[in-house]
Structures are given as C-alpha cells and as structure tokens.
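Working notes for the structure below.
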Protein chains: 4
Amino acid sequence: MQRPLGMVYTDLALETVQRTTEMPGLHIEEESVGSTLITRVFVSSPEAADHIDKPEGQYITIENRDLIKRSKKAQEQVAKSIANHLTNLIPDSGTVLVIGLGNRMATPDSLGPKVVDRLMVTRHLGDILPPEQRKNLRPVAALTPGVLGLTGIETGEIIRGVVDRIKPDLVIAIDALASRSIQRILTTVQITNTGIRPGSGVGNKRSAITQETLGVPVIAIGIPTVVHATTIAQETIEILVRELKEQHKFYQLLDDLGDNQQKLIEEILNPWVTNLTVTPKEIDVFMEELADVVSKGLNTALQRDSKTYTLLTDLKA
Amino acid sequence: MQRPLGMVYTDLALETVQRTTEMPGLHIEEESVGSTLITRVFVSSPEAADHIDKPEGQYITIENRDLIKRSKKAQEQVAKSIANHLTNLIPDSGTVLVIGLGNRMATPDSLGPKVVDRLMVTRHLGDILPPEQRKNLRPVAALTPGVLGLTGIETGEIIRGVVDRIKPDLVIAIDALASRSIQRILTTVQITNTGIRPGSGVGNKRSAITQETLGVPVIAIGIPTVVHATTIAQETIEILVRELKEQHKFYQLLDDLGDNQQKLIEEILNPWVTNLTVTPKEIDVFMEELADVVSKGLNTALQRDSKTYTLLTDLKA
Amino acid sequence: MQRPLGMVYTDLALETVQRTTEMPGLHIEEESVGSTLITRVFVSSPEAADHIDKPEGQYITIENRDLIKRSKKAQEQVAKSIANHLTNLIPDSGTVLVIGLGNRMATPDSLGPKVVDRLMVTRHLGDILPPEQRKNLRPVAALTPGVLGLTGIETGEIIRGVVDRIKPDLVIAIDALASRSIQRILTTVQITNTGIRPGSGVGNKRSAITQETLGVPVIAIGIPTVVHATTIAQETIEILVRELKEQHKFYQLLDDLGDNQQKLIEEILNPWVTNLTVTPKEIDVFMEELADVVSKGLNTALQRDSKTYTLLTDLKA
Amino acid sequence: MQRPLGMVYTDLALETVQRTTEMPGLHIEEESVGSTLITRVFVSSPEAADHIDKPEGQYITIENRDLIKRSKKAQEQVAKSIANHLTNLIPDSGTVLVIGLGNRMATPDSLGPKVVDRLMVTRHLGDILPPEQRKNLRPVAALTPGVLGLTGIETGEIIRGVVDRIKPDLVIAIDALASRSIQRILTTVQITNTGIRPGSGVGNKRSAITQETLGVPVIAIGIPTVVHATTIAQETIEILVRELKEQHKFYQLLDDLGDNQQKLIEEILNPWVTNLTVTPKEIDVFMEELADVVSKGLNTALQRDSKTYTLLTDLKA
C-alpha cells in the first residue's frame, strides 16, 4: 500500500524514500557495523529531492535497536559512528556554532539543550591555553535559543542574529525529531548537510535553519523521540486492512474507508487530537543517555587532536 | 461490544461501571457544578464490587474538560470540589500521613511527589506554634517512598514501616493513574476510600496500600496522566469494526479478529510493546498545574480552621 | 573609616553613595510604604557619577527585610512597588525584549532565567487574539542568552545580535547581583535606567548591556543573592578594628594592618579565595519566591490594560 | 590558641583531633597515594573518644586538593580509595541498605539523594538474573527519606521503620557535612563505622542513625560541602589576633575579646546569623562530580564480583 505522504509527517528522509525506486540523482548505500545499521541517501537531482520530499544533499541514518535495551556497547558503537560521519562532513578547521534546538522543560523535546550542556565549548578559551595547544584547538560556541512559545521570537531569527555577529564557519543544529515509525524512536540518529526546514518536529512550527537563511553551511543532527498518536491510529488501520485483505475477506474496504479515516482518527484522539505524542515510559532516562551519545560523537569530531581532547575533558570545557 | 476487561487496564472505577446496569449495592449519583461533572459511585455488595472489578467503597470522579485549556477557572472549580469531597471523607481531627507515590524523575509519573512538595507539612510544628493556634492545627506528615526500580524495596513495605512507627490515624495516597480513555487524561480526578491495589498504574507493579495492609484507613487520590499505546491501537480497531458493521459491510469481522487482535497490536507497537505511553506534548506544564490543584484541595481539607490555614500559608509550612 | 572602593565590588548604587555628601547632580529621596523602604538616587552630573562609581541615571532601591521571613505580605508589597516604579520608567507602548541574564544551573545566579520562565511572552500572539484585545496588548519577547563559560560567546554579543534583528523599543535585563552587605542579600531590588556594565555580578565577567552598546534604552532589574566570602572577612576585620578603637585600646592598628589585610584574607579563604560565596542555606526556595515577586511586578508594568492582563493570565502566556 | 570546641561545629573527626596528643586508645595513621592523603584515626578508649568529641570507632579521611580543579585523575584516585576502604569495612555478603540523607532540592545538602540516584540497586533483581549470576549478586536497597522540614517526621524514625521491615545486614548512610575549614570543602571524604549522631551537618537537626538506634551496623560516608559563615568570621578574628600578637603589638586583646567575639560575629552576619553558608560558586557542578566519585567507590565495594558488576553496569541497575 502506498502510504499517503504528508498525512503523517516525518523528519526522517529514510522514511520517505522508496527503496525499490531507481532514478537519476538518487543513490542509497547501506552498511552494517556490529548491531548498527548505517544508511546513506545521496540526493542530487530535483526529481530525487521531490521523490523523498526533502532537499538535495546527504542523509545519513545510524540505527541500533539495542539502544532500547540501554546497552552500553550499542551506545558506544553509535557514538563512534556519529563521530566518523561528522568528521567527513565537517572541515578540518574553522569556528563551529552548535545550536541546541527545542524546549529544555519538555522532556522529549530537550535533546538539543541537553547535548549543548555536554558540549566542549572552547571559543572563549583561546587566550587561556598555552600557545602549543591553542593551535590544535577548534573554536566551538553554543546557543540554546529556546522555543517560540517561550521567547516570542522565531528561533531562526535568534540564530541569524547571533550568526551575523560571531560569523562561524559552520552551524550544527541538534533537535528531537518526529518519526512515522515506532521502531525508530530512540534507536535512530539522522545526520544531514541540508539543515532544518519548517515541519512538525516535536515542537510546533519551525523556521528554516539552512545555508540559504544563515549564509553558512548547516549540518543537522536529529533523533526521533516521539511518534504522533495519529500515527499509531493510522498504522493500526493500515495493518488491520492489510490483514483482512490477506484473508480475502474484504476487498473494497480501503477505498470506502478513505473518506472516513481522518474522521475516525479524530474521534479516537478527541479532545486532544494533534497534541498527543507516544513515548516510552522511561523517556527521561533515554534522553540523558542519548544526549551522552550524541555529545560524545560531536565532541570527538570537533576536537580531532587527541591531546587537545584529553586536555578539554580534564578541564570539563 | 463488551470490552474484554483486564486486557486494557484502568485505574478508574468510572471506566468499568456499566451505567445501565441496576443491581443491589450499586448506586451512582451525578452532579454538575459549572463546567465540572461529579460522579459518585457507591459500591456496597460483593456483586457490585465484582461488576466494577474494584473493592466495595466510594469512588468520586471529578471531571472538567477545560483543564485541557489550562483555564484558571476550571482549576479553581476542581480544587474546590476536591476540598469539599475530601472534607466529607476525612475525620475532623487526627494525624494524617500523605504518601506521594510515583517517580519524581519520570514526568507523567511524578504527580505524587509534586503534590507532596506543595503540602503543608505540620507534624513537627506543634511546639513552635503558640498554644491557641496549636489546638486547631492538624498534624500532617508526608513521605515520597520512591519506586521499586530505584529503591529495591516494595513501596508498600516502606509505607508499612513508617506507618508502624508514627501511627497516623489516616493515610492519603496520591498517584498518577492509567486511563482507558484519551478523554480522561489530565481532566479527571478520582478520590476513593478503598486505597490502592495492585494494578498497572503508570509505574509497573504496585503492592496494595489499603486498610488491610496498613491497619489504618486509606484514601487514594489519582489523576490519569497517560493512556497506554495499546489502548489507542485497540480503540482504533474497535471503532473501525463498529464503523464497518454500521455500514453493513462486514458482519463476521469481530469474531474472526478475536484471535488476531493481540498479535496485530504487538506488530504495531513492536519493539516497544508494553512500555509505550500516550501523553499530551505539554505534559510537563500540566503536571505542575494539576499538582497545584490537588495540593490546594488537600491542604484546604486538612487544615479547616481558616486562621491556621492562613498562618501556615505565610509560614510556607 | 572610608571603605576602599573597588576592593569589595558591589552592583548596588546605594552601597557606594555617601549619604551625607551634598553635591550638584546628586539627589536622594527616601520613602517608606509599610515595611518597605524605597530609596531613589538621581545622578545627573559627572561628579556625582564619579562619586557613586556608577553612570548618570536613576537608581531605585526597594528594600524589605521581611522577605527573609518569606512573608507573603512583604512579597506583595515589593511586587507592587516594582510594578509602580517600572510603570514610570517604561513608555506606554512599544515592543520590550526581556533578557534573563545568568546561569540557570547555578542557583544563586539563576534569577534572570527564572523570571523569564514566568514572563507573559506575547510578541507571537498578535494574530491569535481577537482585534479588540490586540490593540491593548504590548508585544513582549524574552531571551536567556546563557553565560560565557557555557556558550563561548560574550552575552552582550548574543543580545546585540537579537536586538539587531527584532529591533525592540526597550530592553529590560534581569540579573542576580553581588552585594557588599549581608543585610541586602535577598531583601533588596535595584531598578536602574542605566543598563548593566562590566563588573563582578554573581558570574565572572560581564560585557556592557547599555543604550550605547545596543542602540535602545536598557532598564536593569537586579537582586543581590550573594556576598563574596572576602566581604565577610573584610567586614569582620573592620568591625573588630572599630571595636578596639572604641575601647581606646589600639590606636595605630588600622594603618599597620593596611598592608596585610589582603594577605590575611587570602590566608583565610585559601585555597578557594575568589570563588567563595555566602548565601542563606535555603537559597533554592528564596530564588523561586523572588522570581515570582519580580515577574509579577514586571508583568503588571508591561501589560497595563487589566482585561488583557487577565486574559494572558488565563492563557498562561 | 585552643579553639573553643563546640562553638564552631564540625562533622569531621580529623578537625577535632590534636595530632600531637598521645593517649591510650588513640592511634593515627597517615598515608599518601599520588596526590591523595589518607588519614585513619582509630579511637578505642573513652578518653580518646572524649578527646576527639566523637564515639569510639574508626575514622578514615580521604583528601585530595585537586578535586577543586575538577581533575579527572584526582576523582579516579579518590573513588578508588573509597572503594578500597569500604571493602575493608563491609562484610563479603549480606543485604545493604543505603540511605541518601539530605534535601534533594538544596544543592549543598543534596549529596545523599544524588549518590542514591547513581547506586546499583539490586535487591529486587534476584529472580530476574540467571542462577549462576544470582549467587554473586549482593542485594542492595536504597532510601531517600527526605528532611524533617519536608516530611514532618524525624529522619531516624523513617529509617528505623524501613530497617524493621526489610532487616538489612548493614546500613550505609551518605550525607553532606559541615566543616570547620575552608580547605576541606569538596576536597575531603570521611568514612566512619560509628554511624551518624545529632549535630549540625548541613541540615538543621539530625537524629542518631547508629547501631544502637537501628540494631544493625552503620557506616557513614560524608563530604563537607559548606562552611558556616560564622566560621569565616571567627577564623578572621583568630588570624587577626594571631597576627597582632606576632607583631608584639597587642597582648591582652584575646582575653578582652572573649566576651565580645560572639556579639561581634552576630553583628557581622545580622540579620541572617545562623543560616548563612559559604560555598564555591560552582557548587552545582561539584555536587554532580562528587556524587559520581562516591557512587563509583560504593558500587565497586558492594558488587565485588567483576562479572556481576559489568552486568549491572550494562543493565544500569
């Protein structure tokens, strides 16, 4: 069954790509490292961009189901994989501004601020360090701009204002994402060099945080932390319909339902409808652990000189 | 359709009662105050207890849908209603031990600890107050025992140990509940004089906290804060089946599905299955507001002398 | 004894003014409202500015010792006084950007972020409200820029970037201050229309946040939350010396000590020296209460139409 | 000058011992490991107990000044030293109940709850583990009883109630301490097998948590996190007096002052007096790091089988 794209929003390119499709400008690579599955989607034509409903660029998805079991080994594999892929995407030198998007006070939306809390911030350390270490130190700055409902300012406006002043060479934005699939919550990290575009995310509305709007390249790192409750309802209907079809019991159901599906889902989720999210019960613990994983990968990719890294670890910079 | 009791657990008596049923020992009263609907279920026979799958006693449900809109008026109405009904259930004098059940660190499970944080604790103030105020002061103590996974001790064991030592005249237990219905999350307060029994709640397993186990009367106050994701899936199936039946399109579906329903739901929620909960996105804010509402009702019912109440407010006791 | 200005830093103009001094351009008014003492220092000449070691402008100090007792009445008096004096300083209309300075994670430095959490943010509500209410609504935006050690960016740079983009008519900066006197911690609110200048504050170094640097008027609201431990040591020495002098026992002590005083204090506070702060044990509770007081005064002064204020309260904007 | 014992309270045995004294029943050992200084005071006679103003038993003090610099190496040395000394004090097997004393909400008093948050709690895991691992698993339970002001119940009462029910073989109590010396805050860990006795600690009053009151052995682990502000004032006076004496300038000062010293200190600290504490500005970060250090030492000493330890780490038990 063709999933009606757009009905249930997803931030993940992986969830919009039809793997069987071959078209110019779409290239997909898969790789397994231990229990970690890495998928790289390269999009380099307007048709391919249209097909996956995302802009041209590179989308790296790192998945490990053992993250659900809170396995230390899985966490280390994923942190290492994040470090490796970021290292390829980030230039060797230059100032980086890391943006922790989302709302610190709303647990499933707090990935960005939590990663920034663990970041080795170094842009202000230049003069403190001895000269020989200074030359290997990459200047890293950080910002947690908050969310529109609490600041009254579009997040993109705040970021643009700060970028204009400190003129970083690269922006890295961290955010919690919405997924279309239960299987991906808290098990998947997406890294892309296309920035962040308006969509649902976990928070409500987002302004674009991209090279066009900021004037510098933007890498986005995201982890799906919730599925909208509508997704569960919709998926239930789809699986039920498939099941019935397989039993050769009900052929025309799908078409007839088409008109009613949205109405049914609204009835189920009334009176909350759009604001219900599905999360694992232990979301608080998972958010801490995944913030550890992402920040470890990020710190490693940003400070590549191992002596400098160790020095900063000791300084807790 | 008769809902298979036990498949989707609910802590709310209201959700297990069949309102059309008339039987000896079951008495239901409904009352509206402004936008607040109050339902009182009196259960006084074994048959009635069996019918609602809850022990004999009194179950008061206070519902107000405007709590979703974070309306101050609705919050005040509900706090007042809690105060009134508790005042009827609590004796005029005697030491009360308030237990904040649940996990402070897991947002939807933190109602109990958050209410205790706002409680006027007075048991230790006896000697500080001037004699004329002392006589109107009710001794109130509080305990947040934590959850089994973090203490390694059954919550009931901790409570029993403390009850044995301080010998209160009454225990009041506050807890976040699981509901079977989206409509009731964060809109409903249940007060019962039957204590708390093993069930799912928001946390995993609970030991009984009742007059039998503690030796003193136990009042329980609960608010549903989550619906299990299985409930959404199941409700979707039921509504879909009802819809198809109404269209006279599919008669035998229900029976045939019976065997497969559980399997289908597992497929939908895989790999998380039992641990997924559905909550509103702004759950953090709602928990603070509802802890305010419950604690206001509770403090008013416990300290009935208005001068003493004001004195304690000023002391922030 | 003339206190060596600069040795022990203070953010409070009141603590640098010599009340007996008469000079052109220095005007001091005192007023009592209930248990609240209000002092207004008007500085309008370079000599006066030099005398108090602060720039020309207006410094309003609202003091109430009963804040220590956590008295609700005192809190209400102070909130009302803040509202009144801010109303005089803030124009009737125009967009206001409120800056919550300081570090959310360091309790005594968290006043700014905590006040912003309680602010009625409205700049994004324009289109949501019905037209008749929109005209009375003042647009209020908020920002918590963080501290240099956690962002790697001078706080002033972040603020300037955002001011450049959203072009507010007024900036109000909230910050925790350092005081020279134990008596003033958590009992005093300072309001000034001169902005914030580099100094010690609670955090380490601050960049200037003033009309000169931002291009718009800046009002600063501060509460002393700590005294540096050096202050206690120094005050002890001074009081001891005064005591001995009064007993006619030791005339030359002061001069002789002059050279050694700093060395003695370093010995006492070794190995921490500059980083030790003195706070009341219950600082966590006081910070919450004072954030309530300041935000209440601020919200009242910003939304002067009482219907709009009530509407926003209900919306928890 | 003999410090008037009792005027400035200390929880540290090390601070009450006169190292030059030789008496029966008092034995002191010192040892250095890297930058860590370990002092063991053995008290085995009533005279010696009287001399140090603490009960008979063993007092191990682990000091490392580099903890102030947040050095990872120092933290690891201290964690290892805690593990070693606890291993000697704790029997090879038997159920242990760890008590996290103090107030989670008051930063300098939150050591106990923070250590318990990081504890491997295992008492409820018995049946989950495979039999071969079960035999090496020590049952560990945990309790954070709260403080009198928030529960209305003496902490000792809560602990006794729980000990009576679960009958552990050993109780380990973790608490933040008050020190007499700036040098010791956040640099020193005290381990003793004599339990905890009423004193000032960081919180107000404490009830005894000892073998006599609980019926099982009690080990106490404490870290000084604050110095009372009175200590700074007093120390300043003492050093000043010593300085003047050395200059042969002021012979009789000390005796004359004796009567006034307390009055002077009250004047300095007015109106807060007893409730002022001195802490490093970054106390929030230090509390997290020291909770890591203590919990690491404690977990290692409790789960000695390395396979079991690893298994629990992976389970995050």
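When reading the values below, keep in mind they use all heavy atoms of this one structure, side chains included, and skip hydrogens, waters and symmetry mates. Computed from a predicted model, the values in this text were never measured in an experiment.
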What residue among Ile174(A), Val140(A), Val116(A) forms side chain to side chain contact (heavy atoms under 4.5 Å, CB included) with Leu298(A)?
Ile174(A)
Looking at Ile219(C), Val171(C), Leu170(C), which one forms a side chain to side chain contact (heavy atoms under 4.5 Å, CB included) with Val96(C)?
Leu170(C)
Measure distances from Leu97(C) to the heavy atoms of chain A and classify the residue's part below 4.5 Å as side chain, backbone, both or neither.
side chain
Select one option (side chain, backbone, both, neither) describing which atoms of Ile153(C) are under 4.5 Å from chain A's heavy atoms.
both
Run the numbers on Arg118(A) and Glu288(A) for salt bridge (charged side-chain N to carboxylate O under 4.0 Å, His left out), then give the verdict.
CA-CA 10 Å; Arg118(A) 291 153 167 88; Glu288(A) 297 296 322; 2.7 Å; yes
Could you tell me which of Ala142(A), Gly146(A), Pro145(A) has the largest number of non-hydrogen atom pairs under 4.5 Å with chain C?
Ala142(A)
Under 3.5 Å: donor-acceptor pair, side chain of Gln303(C), backbone of Arg138(C)
yes
